[in-house]
Amino acid sequence: MTLRLYNTMSRAKEDFSPREPGRVLMYVCGPTVYNHIHIGNARTFLSFDVVRRYLTWRGFEVSFIQNITDVDDKIIRAANEEGVPPATIAARYTEAFLEAMDRLGILPPTAQPRATETIEPMISMTERLIETGHAYEADGSVYFSVRSFPGYGRLSRRDIDEMRSGARVEVDERKTDPLDFALWKAAKPGEPHWSSPWGEGRPGWHLECSVMSEMELGTPFDIHGGATDLIFPHHENELAQSEAATGRPFVRYWMHGGLLQINAEKMSKSLGNFVLLKDVLEQHPAAVVRLLMLQTHYRSPLDFSEERLTEAASALERLVNMVRLVRWACVRPADGPGAPPDDLAALSQALEATRGRFTAEMDDDFNTAGALAVVFGLVRHANGFLAANESVLDAEGLALLDALQREVTDLLAVFGVTLPGADEEPLPRGVVALAASVAGYAGDDPVEAVNALLAAREEARSLKDWTQADAVRVGLQELGVVIEDTPAGARVSVRGD
RNA sequence: GGCGACGUCGCCAAGUGGCAAGGCAGGGGCCUGCAAAGCCCUUAUCCCCAGUUCGAAUCUGGGCGUCGCCUCCA
């Protein structure tokens, strides 16, 4: 099977073959640390986290590089507004970013260079570009000459001449051509600055990605990722800089994720409709956020809302419940006569087919929504098998169910989705007091307390004392512990939220 | 004005030529003392029109609608 991915450069799905067999070199543009990241940013990082996880799962060794832009106009502006040094802003939001990524379950990059730690190589690349006639100095700033690079506009499919007429390009008389962009900016008073051959200044935004990717990965590297709003001008400019400086192709596959929207509009600071990732994670587990986002293909726009989070939470419950049901079934003695051979064979076959179908979906340009559907299909099959055969299972049936539960867990791990409650959550302390008042329990152990409560409820039920039986269940429910009656007796589980 | 994307069940959404995945919500049934969970059944010919084709949600043309980029943006 071949992995295919959509390449923005060709606007088509292409067979993927990395520069070096078995190894994938990828670079994803990171954040500018001037504020907490919002969920739109998070979506992009999540999409590429899954790309990276899937490639790894598929057997590639993945080098994953992501920059952190910690010197920039927006940081300086935020610093001025707060009256603190830009470095303070950058440090604060760098830390917040790393923490948020960790909480979302994003795997750390192989390397995560900061712009401020890459100044020297950026100066070197600028010098190279001046030497080769692609850049020029003016008033202590250095600009890239767009006209010097014949392929300019290829990625974003723009025509330089058409752009000049309609576009609102920043007027700057120091530029030879309005479309030229800054490689190096002369420092204004009070701004962060570094020494350079052109005086004190700081790097332009586009430069760091060109420099870091070349340093860490070489050229051409395999996958360059970002959201669609970076295609122009950011990636177009990176491409021009890098190829002009190295004389070599820059990137083999350009991948761009769709934008997240709120109420069918782009999320943006100016519209005031942005939602911070950290605030969402206060309300919902990472798995819910991941499930929500992965139910939509990464290139499609995704409309975000509280309702959709709730729906995703329900979907996650379905996954969690399946694992719990299987776990409950597996702790019972395997002494039944066994499930019908046809049922066993069908389930076994479904299990075997799942991985191939999952892989086929993911191989098709990372179709996480299709792959998720495969997983849900297997879950339904397993639930059906269990519902029909729970009371007759033997060792073979239980082994199959266990294998199935493991497969679901493994496949979800490719999405970075771990099931809360797949491992026993601790019982709340309140059960002890409840057991003391309702079941006459005198000890101090939550597990014993719950057992005492269940025993008391069983006794009440056998006497058809429904009031007493329900008192136990309602009491536990208020503590977040749910009782479910199964063929093997009552079970409890701790439900989050 | 230029470039581009999208329009599939109540909501979300996969699906680029061959009988329309999946999730959420709703209805009916089974199970249950009640419940929870689960299972079964149940709701679409794919914005409209016209073409190409044996056959189209999938290709072409036109129309309507929504959104994005063209300026910092994930």
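Because only heavy atoms are used, hydrogens play no part in the values below, and waters and symmetry mates are left out as well, while side chains stay in. Lettering of chains follows the sequences in order, A, B, ..., and the numbering in each one begins at 1. Everything numeric here is computed off the predicted structure, so don't read it as measured data.
- Across Trp254(A), Phe64(A), Phe48(A), a single residue satisfies ring-ring contact (aromatic ring centres under 6.0 Å, His included) together with His224(A), and that is Trp254(A).
- Of all nucleotides listed (C67(B), U16(B), A74(B)), U16(B) comes nearest to the side chain of Lys13(A).
- OP1 or OP2 of A37(B) has not a single side-chain nitrogen or oxygen of Asn383(A) nearer than 4.0 Å.
- Arg457(A) comes within 4.0 angstrom of a nucleotide base, judged by non-hydrogen atoms across all strands.
- Distances shorter than 4.0 Å separate some side-chain N or O of Arg380(A) from OP1 or OP2 on G23(B).
- A distance of about 33 Å separates the P atoms of C49(B) and C69(B), rounded to the whole Å.
- Projected onto RNA chain B by closest heavy-atom contact, Asp229(A) and Val379(A) fall at different nucleotides, the more 5' of which corresponds to Val379(A).
- Residue contacts shown for Arg308(A) are limited to sugar-phosphate atoms, with no base heavy atom under 4.0 Å away.
- Annotation: cation-pi geometry not satisfied between Lys13(A) and Tyr6(A) (NZ/CZ under 6.0 angstrom from ring centroid, within 45° of ring axis).
- Atom CG in Asn237(A) sits roughly 14 Å away from atom C1' in C69(B) (whole-Å rounding).
- Side-chain contact of Tyr93(A) with Asp70(A): a donor-acceptor pair under 3.5 Å is absent, judged by distance alone.
- Counting non-hydrogen atoms under 4.0 angstrom, Leu260(A) reaches a base of the nucleic acid.
- Between His284(A) and Glu306(A), the side chains place a donor N or O and an acceptor N or O closer than 3.5 Å (distance only, hydrogens not considered).
- Within the 4.0 angstrom heavy-atom criterion, only backbone atoms of the sugar-phosphate kind lie near Gly226(A); the bases stay farther away.
- Nucleotides G65(B) and U8(B), compared at atom C1', are 16 Å apart to the nearest Å.
- Relative to the side chain of Asp485(A), the nucleotides G23(B), G33(B), C34(B) differ in distance, and C34(B) lies closest.
- With A14(B), A37(B), C72(B) as the candidates, the nucleotide lying closest to the side chain of His297(A) is A14(B).
- Atom C1' of nucleotide C12(B) and atom CG of Leu316(A) are separated by 17 Å, given to the nearest angstrom.
- Note on Lys464(A): nothing from the nucleic acid sits closer than 4.0 angstrom, heavy atoms only.
- Note that Arg147(A) lies outside the cation-pi zone of Tyr152(A), set by a 6.0 Å cut-off to the ring centre and a 45° limit from the axis.
- Along RNA chain B, the nucleotide nearest to Val374(A) and the one nearest to Lys74(A) differ in position, and the one closer to the 5' end is contacted by Val374(A).
- When distances run from any side-chain atom of Asn41(A) to the nucleotides A74(B), C72(B), G15(B), the shortest one goes to A74(B).
- Residue Ala369(A) places its side chain closer to A14(B) than to any other of U16(B), A14(B), A74(B).
- In this entry A50(B) has U60(B) as its Watson-Crick or G-U wobble partner, both defining distances falling under 3.5 Å.
- With A74(B), C72(B), C39(B) as the choices, the nucleotide that has an atom nearest any side-chain atom of Ala387(A) turns out to be C39(B).
- Nucleotide A21(B) forms a pair with no other nucleotide shown, judged by Watson-Crick or G-U wobble geometry with both contacts under 3.5 Å.
- Distance noted for atom C1' between G28(B) and A74(B): 46 Å (whole Å).
- On the P atoms, A5(B) is 27 Å away from A20(B), given to the nearest whole Å.
- For Arg318(A) and C39(B), the shortest distance from a side-chain N or O to OP1 or OP2 is below 4.0 Å.
- Put simply, CZ on Phe181(A) is 16 Å from C1' on C70(B), counting in whole angstrom units.
- Between the C1' atoms of G23(B) and G15(B), the separation comes to 15 Å (whole Å).
- Remark: the His235(A) side chain and the His206(A) side chain contain no N/O donor-acceptor pair separated by less than 3.5 Å.
- For Val482(A), counting side-chain heavy atoms from C-beta on, the closest listed nucleotide (A74(B), G38(B), A36(B)) is A36(B).
- With both pairing distances under 3.5 Å, C39(B) is matched to G29(B) as a Watson-Crick or G-U wobble pair.
- One interatomic measurement links the two molecules: CD1 of Ile483(A) to C1' of A36(B), which rounds to 10 Å at whole-angstrom precision.
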Fill in: Stepwise side-chain contact (heavy atoms from CB on, under 4.5 Å) test for Ser348(A) and Leu351(A)
CA-CA 5 Å; Ser348(A) 173; Leu351(A) 174 59; 5.7 Å; no
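- Side-chain nitrogen and oxygen atoms of Ser300(A) include at least one within less than 4.0 Å of the OP1 or OP2 phosphate oxygen of A14(B).
- Put simply, CG on Leu378(A) is 12 Å from P on G23(B), counting in whole angstrom units.
- Residue Ala315(A) is classed as a sugar-phosphate contact, given heavy-atom separations below 4.0 Å to backbone atoms only.
- Residue Arg357(A) places its CZ atom among 12 or fewer non-hydrogen atoms of other residues, nucleotides or ligands, all under 6.0 Å distant.
- C34(B) is unpaired under the criterion used here, namely a Watson-Crick or G-U wobble arrangement in which both key atom distances are under 3.5 Å.
- Under the Watson-Crick or G-U wobble criterion, with both distances below 3.5 Å, U66(B) is paired with A5(B).
- The aromatic ring of Phe376(A) does not sit over the base of G23(B), since the test of centres under 5.5 Å and planes under 30° is not met.
- Straight-line distance between the C1' atoms of G26(B) and C3(B): roughly 43 Å, to the nearest whole Å.
- One can place CG of Leu325(A) at 11 Å from C1' of A36(B), the figure rounded to the nearest angstrom.
- In summary, the side chains of Glu208(A) and Thr69(A) do present a donor paired with an acceptor at a separation below 3.5 Å, with no hydrogens or angles considered.
- Shown here, U71(B) forms no base pair; nothing in the strands shown gives a Watson-Crick or G-U wobble contact with both key distances under 3.5 Å.
- Rounded to whole Å, the P atom of A57(B) lies 11 Å from the corresponding atom of C48(B).
- Side chain to side chain, Ser210(A) and Glu238(A) fail the donor-acceptor criterion of an N or O pair below 3.5 Å.
- Relative to the six-membered ring of Phe232(A), Arg158(A) meets both conditions, a distance below 6.0 Å and an angle of at most 45° to the axis.
- In this structure, Leu259(A) places its CG atom 13 Å from C1' of C6(B), rounding to the nearest Å.
- A56(B) and C47(B) have their C1' atoms separated by 16 Å, given to the nearest Å.
- Looking at the side chain of Gln295(A), the nearest of the listed nucleotides A74(B), A25(B), G22(B) is G22(B).
- In the region residues 470-477 of chain A, proximity to RNA chain B at under 4.0 angstrom, judged on heavy atoms, holds for Asp470(A), Arg473(A).
- The CD-P distance, from Glu459(A) to G33(B), rounds to 18 Å in whole Å.
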